[in-house]
Amino acid sequence: MRKLEPGRLVLASHNQGKVREIRDLLGPYGIEPVSAAELDLPEPEETGTTFVDNADLKARQAADLSGLPALADDSGLCVEALGNRPGIFSARWALVDPSVDPGAGPGEVQGGRDFGLAMRRVQEELEALGPEASRAAHFVCALAVVWPDGRSEWFEGRVDGTLVWPPRGDKGFGYDPMFQPAGYDLTFGEMDPDEKHRISHRADAFRKLVAALL
Ligand SMILES: O=c1nc[nH]c2c1ncn2[C@H]1C[C@H](O)[C@@H](COP(=O)(O)OP(=O)(O)OP(=O)(O)O)O1
Ligand SMILES: [Mg+2]
């Protein structure tokens, strides 16, 4: 299997929180990816129906446009009592434009995102199910590496936990303040990055990527 080389990898993500975490996770291996923003790559429409599909399409577009190997991450929060929603729609539930139905379909990803709003949407849907509803949830992360010749490899990770309300902490991004991983008293929003990187869905997927490609 081909190996990743330092200085020759595009990171196909437009989410600054995610880019920071992926740089942290790759740093110990001497890989400093070029970001999609630095190359001025457009943000593709995420038309896939699974995390892996969407990670693949984001990495594929970046590899095609740059001629370099590309890495993408598609991830999200799956709430068990909500039939694993928002799932692949996790970023879209944060869209501020109320004309976008957050569960309806791919929609158009534009405008601001507000994760205070997205977390309230999750909490309101859980409250509507009544006090006995399970608050179990998990994060999923799918990583795709697409080589310039179009071949690809995929790695998936997961972390289980519970949703808390109100949200706590401002260290992470996205839904971190309402997610408390199993076995911990802190939410991801309250944890130092090093601690999150030991247990997160992204770290789990990265361990598999590192074993295969580094
Ligand atoms: O560790 C995490 N902690 C908290 N929230 C998280 C995490 N990981 C994913 N999430 C949520 C928020 C994110 O916005 C969405 C992923 O959506 P996703 O399409 O994969 O990413 P994105 O649109 O933010 O950036 P991009 O597609 O350019 O990589 O799930
Ligand atoms: Mg996205």
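Basis for what follows: all heavy atoms, side chains included, without hydrogens, waters or symmetry-related copies. One-based numbering, in listed order, for ligands and for the atoms of each.
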Please compare [options] and report which has the shortest non-hydrogen distance to [atom].
{"atom": "atom 19 (O) of ligand 1", "options": "Lys18, Glu46, Met119", "answer": "Glu46"}
{"atom": "atom 25 (O) of ligand 1", "options": "Thr187, Asn15, Ile22", "answer": "Asn15"}
{"atom": "atom 30 (O) of ligand 1", "options": "Ala94, Ala12, Ala203, Ser90", "answer": "Ser90"}
{"atom": "atom 23 (O) of ligand 1", "options": "Glu43, Arg113, Arg202", "answer": "Arg113"}

message = Against Phe51, only a single residue in Asp74, Asp73, Leu143 fulfils side-chain contact (heavy atoms from CB on, under 4.5 Å); can you say which?
response = Asp74
message = Looking only at N, O or S atoms, which one in Glu46 sits nearest to the Mg ion (ligand 2)?
response = OE2
Sub-3.5 Å donor-acceptor pair from the side chain of [X] to the main-chain atoms of [Y], do we have one?
{"X": "Arg23", "Y": "Glu32", "result": "no"}
{"X": "Tyr175", "Y": "Val122", "result": "no"}
{"X": "Asp149", "Y": "Arg151", "result": "yes"}
{"X": "Asn84", "Y": "Gly87", "result": "no"}
{"X": "His201", "Y": "Leu77", "result": "no"}

Using a 4.0 Å cut-off to any heavy atom of [X], which atoms of ligand 1 qualify?
{"X": "Phe139", "value": "3 (N), 4 (C), 5 (N), 6 (C), 7 (C)"}
{"X": "Gly174", "value": "4 (C), 5 (N)"}
{"X": "Ala91", "value": "14 (O), 15 (C), 17 (O), 23 (O)"}
{"X": "Ser75", "value": "8 (N), 9 (C), 15 (C), 16 (C), 17 (O), 20 (O), 30 (O)"}
{"X": "Asp73", "value": "20 (O), 29 (O)"}
{"X": "His201", "value": "1 (O), 2 (C), 7 (C), 8 (N)"}
{"X": "Asp74", "value": "18 (P), 19 (O), 20 (O)"}
{"X": "Lys58", "value": "18 (P), 19 (O), 20 (O), 26 (P), 27 (O), 29 (O)"}

[X]: heavy atom below 4.0 Å from ligand 1, yes or no?
{"X": "Leu77", "value": "no"}
{"X": "Gly172", "value": "no"}
{"X": "Phe188", "value": "no"}

note = Separation between CD (Glu153) and CG (Asp56), nearest 0.5 Å, reads 11.0 Å
task = Flag Glu43 as yes if one of its N/O/S atoms falls below 2.8 Å of the Mg ion (ligand 2), otherwise no.
result = no
ask   = Salt bridge between Asp204 and Arg158, side-chain N to carboxylate O under 4.0 Å?
value = no
message = For Phe188 and Phe179, take the angle between the two ring planes, folded into 0 to 90°, and tell me which bin it lands in: parallel under 30, tilted 30 to 60, perpendicular over 60.
response = tilted
key: Side chain, backbone, both or neither: Phe179 near ligand 1, heavy atoms under 4.0 Å   = neither
task = Could you walk me through whether Leu82 and Leu129 pass side chain to side chain contact (heavy atoms under 4.5 Å, CB included), step by step?
result = CA-CA 9 Å; Leu82 302 182; Leu129 297 177; 3.9 Å; yes
query = Do Leu25 and Trp154 share a hydrophobic cluster, counting only Ile, Leu, Val, Met, Phe, Trp and Tyr and linking them when any side-chain heavy atoms are less than 4.5 Å apart?
reply = no
